Structure formats: C-alpha cells, structure tokens
Amino acid sequence: MKEVIIATKNPGKAREFEHIFSPRGIVVKTLLDFPEFPEVEETGTTFEENAILKAEAVSKALNKMVIGDDSGLMIDALEGRPGIYSARYAGEPKNDENNIDKVLSELTGVPAEKRTARFYCALAVAVPGQEAFTVSGTCEGRILEERRGTNGFGYDPVFFVPEKGVAMAELSSDEKNKISHRANALMKLDEMLDSLLERAERS
Ligand SMILES: O=c1[nH]c(=O)c2ncn([C@@H]3O[C@H](COP(=O)(O)OP(=O)(O)OP(=O)(O)O)[C@@H](O)[C@H]3O)c2[nH]1
Ligand SMILES: [Mg+2]
C-alpha cells in the first residue's frame, strides 16, 4: 500500500490532500491520525522554513518520508499580510471566521482593482537521512467585500478567482484542486513522487 504522511493538523488541508492522492491509490495520513503528536511550532520567517520545520519534526519522529505544507494568503494592499501568519491573523486560538473579518475590515474602502492577492503554498519533503527540499505554488485572485460560498476552508469565501468568475469557496473540491496554490505546488512534486513513495515503502 502506498501511503504518504502529511504533517498537518488542518482538516481542510487534509481533505484536499486526500482528494488529490486517493485517485492515484495513495492513502493519506495526517497528524489528525496521530492526535498525540504535538503541533509543530512555526518559528520560521518564510513559508519554506516553516514547511521544513513541520516535515522534519514528523519525519524524525516516525522515521518516514513526510510532506509539510505551510501556506497562506498575501494581500498586496496590506503589504503581503497576513502571509505566514494567515492561520492566526486574528490571534489565538486560530479561527477562520475572525481572520476573514479582520482582513475585510483592514480593506474597508479599498477598491476592487486594488484588492489583488495570492495564495502561496510551500511543500517540504523530508526523507530520513536526507536534506529536506521544497517546492511552491501560487494562485492569483482578489479579496471580495463579503463572503461567497461554503466550500473549502480558511479565506476561501472571500478569495475571488478571476479565471473562474467565482469565489474559491464556490468551487467544487475537484475545481479547487485543479487550480489551487496547493495543487500547483504538488504538481511540481509529481515527477518525483512515485520514486519517493517507492523508496518510502521500502524504508
Ligand atoms: O482560504 C484558504 N484556502 C486555502 O487553500 C488555504 N491554504 C492556507 N490557507 C490559510 O493559511 C493558513 C495556513 O497556515 P499553516 O500553513 O500554518 O496551516 P495550519 O496552521 O492551518 O495547519 P498546519 O498544517 O500548520 O497544521 C490556513 O489556516 C488558512 O488561514 C488557506 N486559506
Ligand atoms: Mg500552522
């Protein structure tokens, strides 16, 4: 059985990875399957550093290949915020609704053409005994003035995807997983993934 471990406790990310991997016959495990595993502290200053911190902590603990995902929303009118602080933008404990409210209030009065933003996803691959490496993907859009749709997670209800003409949260998971920052990053792993998984199976 091919299995990939993702170092995340975020159920929204977990669902997306399952959706992307299961048609390929790959079983996804996340930290939701290891509830005793503590949340990895994200002390890095970039998405890449944090993705590596997550992947390596879990890879060392389980002695297996692990993928870490650090992602977030970068809004041009807010000089790239919330960025690496996206999950906790409105403070602890992390709360998607409060984060959206904070972003919308900071953008009050900013016209549509200046509400450009992008999602960014860094994926780190940690293999025991090897140096971790990263790939990244983005997805361009614009911040709406109010929520639309109920799919996805995080800031999806206020992230307008121009190429689709709807909010990210109005897309089906099939549609989101074709165009998202996470899907674009994963695509860059695609060629390596089979050999990495075979090696992981043998280890
Ligand atoms: O609308 C969204 N659609 C997405 O597709 C998406 N991807 C990331 N994000 C935001 O960025 C934070 C990640 O922070 P993050 O990488 O630290 O993850 P997290 O803390 O939620 O879980 P973990 O993986 O660290 O366990 C998340 O909480 C969200 O606020 C997204 N928002
Ligand atoms: Mg996190």
Side-chain angles (χ1 to χ4, degrees), residues 4-20 28-35 37-59 66-75 78 80-104 117-124 126 134 136-144 147-161 164 166-186:
V4 60
I5 302 169
I6 315 285
T8 182
K9 285 193 182 252
N10 180 318
K13 287 187 192 176
R15 265 197 314 274
E16 288 181 15
F17 281 109
E18 274 156 20
H19 200 265
I20 292 171
V28 170
K29 280 207 170 158
T30 68
L31 295 184
L32 301 170
D33 298 303
F34 303 91
F37 200 93
E39 193 154 354
V40 180
E41 256 199 88
E42 298 172 27
T43 52
T45 56
T46 61
F47 291 108
E48 278 73 12
E49 280 174 25
N50 284 333
I52 290 175
L53 284 173
K54 294 184 227 187
E56 283 193 334
V58 180
S59 175
V66 172
I67 297 178
D69 170 317
D70 199 64
S71 41
L73 176 64
M74 301 164 82
I75 302 174
L78 303 180
R81 294 193 310 275
I84 60 169
Y85 305 110
S86 292
R88 294 176 173 78
Y89 196 44
E92 295 277 3
K94 54 185 176 189
N95 180 295
D96 289 344
E97 294 310 317
N98 295 348
N99 291 338
I100 290 180
D101 287 339
K102 180 167 179 183
V103 158
L104 290 183
R118 66 208 47 79
F119 279 124
Y120 188 95
C121 175
L123 297 178
T134 61
S136 67
T138 60
C139 179
E140 296 287 331
R142 216 167 60 220
I143 305 303
L144 291 162
R147 293 163 168 83
R148 283 171 59 173
T150 53
N151 299 330
F153 70 99
Y155 300 87
D156 283 344
V158 290
F159 190 85
F160 183 75
V161 186
K164 298 285 182 188
V166 294
M168 193 72 111
E170 294 178 294
L171 294 178
S172 67
S173 36
D174 263 344
E175 289 171 311
K176 177 176 177 185
N177 290 330
K178 284 197 185 103
I179 57 138
S180 78
H181 46 311
R182 191 158 292 107
N184 287 333
L186 262 180

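Read the numbers this way: they start at 1 and go in the same order the structure lists the ligands and their atoms. Only this structure's heavy atoms are used, side chains among them; waters, hydrogens and symmetry mates stay out. This one's a predicted model, so the numbers in the text were calculated from it and none came from an experiment.
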Out of all atoms in ligand 1, which are within 4.0 Å of some heavy atom of [X]? Include the element for each.
X      : result
Thr8   : 22 (O), 23 (P), 24 (O), 26 (O)
Tyr155 : 1 (O), 2 (C), 30 (O), 32 (N)
Lys54  : 15 (P), 16 (O), 17 (O), 18 (O), 23 (P), 24 (O), 25 (O)
Asp156 : 1 (O), 2 (C), 3 (N), 4 (C)
Asp70  : 15 (P), 16 (O), 17 (O)
Asp69  : 16 (O), 24 (O)

Measuring from non-hydrogen atoms of [X] to any atom of ligand 1, is the shortest distance under 4.0 Å?
X      : result
Met168 : no
Asn99  : no
Leu73  : no
Phe119 : yes

Spatial distance of atom [atom1] ([X]) from atom [atom2] ([Y]) [nearest 0.5 Å]:
X      : Y      : atom1 : atom2 : answer
Thr46  : Ile84  : OG1   : CD1   : 7.0 Å
Ile179 : Asp174 : CD1   : CG    : 12.0 Å
Glu16  : Ser180 : CD    : OG    : 5.5 Å
Lys176 : Arg182 : NZ    : CZ    : 6.0 Å

Partners passing salt bridge (charged side-chain N to carboxylate O under 4.0 Å, His left out) against [X] (at least two apart in sequence or in another chain):
X      : result
Arg147 : Glu97, Asp101
Lys13  : Asp69
Lys102 : none

### Query
Between Asp156 and Met168, is there a donor-acceptor pair closer than 3.5 Å when you use the side chain of the first and the backbone of the second?
no

### Task
Select the closest option to atom 26 (O) of ligand 1 among Glu42, Arg182, Lys9, judged by heavy-atom distance.
Lys9

## Note on the structure
In this structure, atom 5 (O) of ligand 1 is nearest to the protein heavy atom Lys176 NZ, 2.8 Å

### Message
For a distance under 2.8 Å, give residue and atom name for each protein N, O or S atom next to the Mg ion (ligand 2).
### Response
Glu42 OE2

